[in-house]
Number of protein chains: 2
Amino acid sequence: MADRISDAEHAVMEVLWDDAPLTAQDVAERVDPGRGWSANTVKTLLGRLLAKNAISHEADGRRYLYRPLVARDDYVSGESRRLINRLFGGRLTPLVAHLAERDELTAQDIAEIEALLKDLKQ
Amino acid sequence: MADRISDAEHAVMEVLWDDAPLTAQDVAERVDPGRGWSANTVKTLLGRLLAKNAISHEADGRRYLYRPLVARDDYVSGESRRLINRLFGGRLTPLVAHLAERDELTAQDIAEIEALLKDLKQ
DNA sequence: TCGCACTGTTTACGGCCGTAGTCAATAGCG
DNA sequence: CGCTATTGACTACGGCCGTAAACAGTGCGA
């Protein structure tokens, strides 16, 4: 079922995860302006997301209201897993180690994650 | 310059990161058998990677020897950054928190990362 | 020396993606 | 009641991707 969501489609999903249901026009207005999309482009993407069963729509007079079917958390988990499996043998530690080695972690990041993990252990 | 490396191309890169330089035949033999690729497919992918400047080749008599131009670490960093930026506001902590919330971290993961972070702080 | 086997190059082709124009229906305005 | 503005559906099109067959050059064995 749930086909893969493309990059452009993901931008539309973010809008609907933030607030739903919305009309196509609402989505077009709220989608990242950096993309510079025409309203038609957004409508096409909504159509493709419908076909992929990533969103649903219900009639509201002459227009439709769109809402997400896949939860953001599920999408995020899927994408994260995919990356971690593909590049780090499925384990999180090597990812953290990699970023650390490349100095991509700030002292604040480290402190935050430590606190988080401590919490996890109770 | 460095164009985006596709998924299938990445499988070829992994072979060359593991050992280089290699002939096209070597690559075809070592690439993940799960893909079930014909030798021709591998040759096409090598050609595309050349066009993208992700690998180089040097003549070796009748054939070429291929070797990576982009370092695995650079590729891995780029992909990781892309995901973290796209889904977690550019910060690693929310990614860890997300996986933790979804019970995707084992006790071992947690211990490993804690040890890693402790080390980082001296 | 001749043909074959091997290697790289070119071409193919359906599918998804990004981007958007065109078409058809229709509801509300004048 | 007829026209226009809105809205969704259909069509388009070039590009990348996955997958691979067809083709062409050439060194080696017979």
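The sequence lines fix the lettering, A, B, ..., with proteins before strands; numbering per chain opens at 1.
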By side chain to side chain contact (heavy atoms under 4.5 Å, CB included), Asn40(A) pairs with (sequence neighbours left out) Ser38(A), Lys43(A)
Return the residues of residues 14-26 of chain B meeting this criterion: a heavy atom under 4.0 Å from some atom of DNA chain D. Order them by number, or give none. none
In whole Å, what is the span from the NZ atom of Lys43(B) to the C1' atom of dC17(D)? 19 Å
Can you tell me how far P of dT7(D) sits from CG of Leu65(A), to the nearest Å? 12 Å
For Tyr66(B), the option from Leu50(B), Leu22(B), Thr23(B) that meets side-chain contact (heavy atoms from CB on, under 4.5 Å): Leu50(B)
Winner on side-chain proximity to Tyr64(A), out of dT7(C), dG8(D), dA20(D), is dG8(D)
Encode nucleotides 25-30 of chain C as B, S and - characters from 5' to 3', where the letter depends on protein heavy atoms closer than 4.0 Å: B to the base, S only to sugar-phosphate, - to neither. --S---
Could you tell me how the ring of Tyr75(A) sits relative to the ring of His10(A): parallel (under 30°), tilted (30 to 60°) or perpendicular (over 60°)? parallel
Whole Å only: how far is the CZ atom of Arg35(A) from the C1' atom of dC17(C)? 12 Å
Salt bridge (Lys or Arg N to Asp or Glu O under 4.0 Å) pairs, two or more places apart, involving residues 23-32 of chain B: Asp19(B)-Arg30(B)
Rounded to whole angstroms, how far apart are CH2 on Trp37(B) and C1' on dT19(D)? 9 Å
With sequence neighbours excluded, tell me which residues meet side chain to side chain contact (heavy atoms under 4.5 Å, CB included) with Ala97(B). Leu116(A)
Considering only residues two or more places apart or on different chains, which pairs with a residue in residues 65-79 of chain A satisfy salt bridge (Lys or Arg N to Asp or Glu O under 4.0 Å)? Arg4(A)-Glu79(A), Glu14(A)-Arg72(A), Glu58(A)-Arg67(A), Asp74(A)-Arg102(B), Glu79(A)-Arg82(A), Glu79(A)-Arg86(B)
According to salt bridge (Lys or Arg N to Asp or Glu O under 4.0 Å), who are the partners of Glu104(A), at least two apart in sequence or on a separate chain? Arg81(B)
Which residues share a ring-ring contact (aromatic ring centres under 6.0 Å, His included) with Trp37(A), sequence neighbours left out: none
Of the options dT7(D), dC17(D), dT19(C), whose atoms approach the side-chain atoms of Glu9(B) most closely? dC17(D)
Salt bridge (Lys or Arg N to Asp or Glu O under 4.0 Å) against Arg62(A), all qualifying residues, sequence neighbours excluded: none
First encountered from the 5' end of DNA chain C, between Asp7(A) and Gly47(B): Gly47(B)
Need the bend value for the helix from dT1(C)-dA30(D) to dG30(C)-dC1(D): angle between end axes, 5 pairs each end, nearest 10°. 30°
Nearest-Å distance, CD1 (Ile55(A)) to P (dG8(D))? 11 Å
Contacts of type salt bridge (Lys or Arg N to Asp or Glu O under 4.0 Å), residue Arg91(A), not counting sequence neighbours: Glu112(B)
Could you encode protein contacts along nucleotides 10-16 of chain C as a string, one character per nucleotide from 5' to 3', using B for base contact, S for sugar-phosphate-only contact and - for no contact, with a heavy-atom cut-off of under 4.0 Å? --B----
